[in-house]
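Order of appearance sets the numbers: ligands from 1, and atoms from 1 within every ligand.
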Amino acid sequence: MDPIIGIDLGTTNSAAAHLGPDGPEIIPNALGGRLTPSVVGVDDAGTVLVGAAAKELQVLRPDRCAALFKRHMGTDRRYELGKKTFTPEELSGLVLRSLKDDAEAFFKRPVTRAVITCPAYFNDRQRKATLAAGRIAGLTVERILNEPTAAAIAYGFHETRTDRTFLVFDLGGGTFDVSVVQVFDGTLEVRASAGETSLGGEDFTRTMAARVLEGLGQSFERAEAVTPLLVSRLVQQCELAKRRLSKDDAAAVRVPDAAGEYGAKAAEVTITRQQLEGWVNPTLARCELPIRRALADTRLARDQIDEVILVGGATRMPVVVRLVADLFGKPPQGRLNPDEVVALGAAVQAGLVGRAGAVDDLVVTDVSPFTLGVEVSKRFGGDFQDGYFDPVIDRNTTIPTSRVKRYSTLHPNQTIISLKVYQGESRRVGENLLLGEFDVKGIPPGPVGQGVDVRFTYDLNGVLEVEATVVATKQKVTHVITKHAQGLNEQQVRAAVRAMETLKSHPREDAENRFLLARAERVFKELPADLRRLLSELLDGFEAALESQEPAAIEANREGLRQFLSRHDPDHEAEGDAEDAE
Ligand code: AMP
């Protein structure tokens with residue numbers, strides 16, 4: 001049978017994994033790395049770069065690169081890279097395609113099926129956008145799996161025998177999710193999920209950059225508008241310093257000039273861990289509400305949580321570990337690599353979908369993290385007031401689920417009911433998310449109170465179908481909530497699939513060369529004149545070798561360039577530190 005892979009489509013990094021005979025394993029990318037940065041760029045020749053090479057290009061050419069697009073999945077946001085325009089779904093599709101290519105190189109056969117994860121707190125529109133991204137990449141998405149559920153599965157896979165309750169604390173680059181999970185008799189049951197879709201490590205990095213600029217008398221917003229190169233380099237510096245501060249008490253941040261270069265007079269600011277913690281604490285405090293909500297929904301007290309599991313790169317910060325320890329009165333667990341655990345869990349789920357022997361006895365259930373319902377009018381005295389939200393499926397109901405509720409006409413001889421479907425937790429629909437609307441026609445004329453049964457069916461991917469039946473005639477109207485003002489419709493997805501085929505991209509074998517070239521361009525700008533000359537010669541030699549297409553010459557020149565960069569890249573050591581921290 002064709003392999004099914006598990007994919008963690010992350011805000012900052014993505015990863016693919018498969019279920020091997022000894023359990024889930026990460027599939028290496030073309031550079032041999034385990035994580036692929038979720039960054040897409042278009043170079044001067046109009047060729048698309050994905051991953052580490054795009055991340056390098058982003059430092060020098062932020063106008064040609066896009067990152068953090070996961071935050072805008074399912075919206076009308078568009079990205080202009082060079083002469084091309086992309087939707088967030090297309091950019092995610094490019095990342096997915098790159099992971100698909102890695103899996104195909106790994107298995108040496110086509111890979112067309114995947115389980116893809118998304119934040120538990122992704123709404124219906126964002127989930128559909130994730131499905132669309134999969135299709136754009138040429139993947140059949142077998143299941144959309146919640147990230148904390150995936151993490152719980154990765155932990156549960158090896159440890160199903162002990163019954164216990166754990167809480168998954170997932171703080172990634174852009175989102176925060178919390179799930180309460182019970183392992184009972186070999187069944188892994190998600191009891192509740194809650195979260196925030198705009199809270200993560202990237203906010204900490206940007207806060208740090210803003211404070212550094214403020215210290216120098218500049219505003220971040222203004223700098224972003226006027227000197228984008230300065231900001232993109234500074235953010236990169238802050239990212240490195242932030243990682244360093246997870247291990248050290250202080251780290252230096254070099255501040256580039258307006259052109260994004262480090263001249264002789266470049267300022268250097270030292271940031272202490274204490275300072276950083278003071279800056280991020282107000283944002284971090286927002287984690288408490290979703291935790292409280294998830295616990296309240298399961299009616300569990302904090303001390304009934306046996307274990308807290310940390311997931312997501314931002315949980316490497318000591319301040320996060322301390323927060324969790326304080327909240328739960330015990331140190332959290334991080335036995336599995338927090339950057340990889342979601343992909344590993346997705347691979348186990350892929351094994352469950354493909355009925356791989358190793359996972360035969362594992363049962364996983366998940367919940368719908370949001371309340372789903374319709375708009376209703378309420379009668380106060382003689383007046384009707386519309387705009388009220390009436391829940392059909394309560395949040396944290398185990399899925400798949402199907403619930404039916406009866407609604408009735410408000411006026412004599414009313415033959416149509418307009419159904420507006422919402423998702424959210426507010427009493428008023430105005431503060432909830434409109435998922436779709438449709439008319440139920442053909443109600444026989446008659447007195448007030450003609451009934452319409454509305455059935456909501458929420459599937460394992462967290463995608464909703466609504467069916468309305470006119471009670472008197474048994475006539476049914478079914479509506480899969482797909483069309484909406486925002487996000488891609490079916491036609492747009494098809495167009496995106498076609499557009500994908502015409503995009504120029506480098507062959508996979510060329511990935512390391514492209515990455516080295518992009519990295520060398522960035523490092524070049526930072527070097528003193530004598531080293532620049534040396535690097536320039538190495539680059540000339542490498543480019544000539546690439547032109548000649550002579551494998552031996554390419555390899556020899558590549559090795560020279562690689563060694564030079566590992567000695568002279570000022571940011572190299574810090575990257576290594578981050579890896580060590582795993
Ligand atoms: P993820 O979405 O799980 O890949 O998490 C990525 C986020 O984790 C980014 O915002 C990174 O800056 C952050 N991160 C990764 N490693 C560290 C570290 N050692 N210290 C602090 N933050 C980190």
Under 3.5 Å, N or O to N or O, is [X] touching ligand 1 that way?
{"X": "Pro338", "result": "no"}
{"X": "Gly173", "result": "yes"}
{"X": "Glu202", "result": "yes"}
{"X": "Met317", "result": "no"}
{"X": "Thr12", "result": "yes"}

**Prompt:** So, the side chain of Glu104 versus the backbone of Val111: is there a donor-acceptor pair under 3.5 Å, distance only?
**Reply:** yes
**Prompt:** Does any N or O in the side chain of Tyr121 come within less than 3.5 Å of the main-chain N or O of Thr175, such that one atom is a donor and the other an acceptor?
**Reply:** no
**Prompt:** What do you reckon, does Gly10 put a non-hydrogen atom under 4.0 Å from ligand 1?
**Reply:** no
Using a 4.0 Å cut-off to any heavy atom of [X], which atoms of ligand 1 qualify?
{"X": "Gly312", "result": "3 (O)"}
{"X": "Glu239", "result": "11 (C), 12 (O)"}
{"X": "Asn13", "result": "4 (O)"}
{"X": "Arg316", "result": "16 (N), 18 (C), 19 (N), 20 (N)"}

**Test: Glu239 and Lys55 ion pair at under 4.0 Å** = no
**Prompt:** Going by an N to O cut-off under 4.0 Å, is there a salt bridge joining Lys330 and Asp306?
**Reply:** no
**Asked** Can a donor-acceptor pair be found between the side chains of Thr36 and Ser14 at a distance below 3.5 Å?
**Response** no
**Fill in**
Checking heavy atoms under 4.0 Å, the part of Lys247 that sits near ligand 1 is neither
**Prompt:** Is it the case that more than 12 heavy atoms not belonging to Arg222 sit under 6.0 Å from its CZ atom?
**Reply:** no
**Asked** How far does NE2 of His72 sit from CD of Gln126, to the nearest 0.5 angstrom?
**Response** 10.5 Å
**Message:** Heavy atom to atom 22 (N) of ligand 1, shortest distance: which of Glu340, Lys242, Arg244 holds it?
**Reply:** Lys242
**Item:** Trace of the salt bridge (Lys or Arg N to Asp or Glu O under 4.0 Å) decision for Arg61 with Glu521
**Value:** CA-CA 11 Å; Arg61 302 297 305 271; Glu521 295 291 346; over 6 Å; no
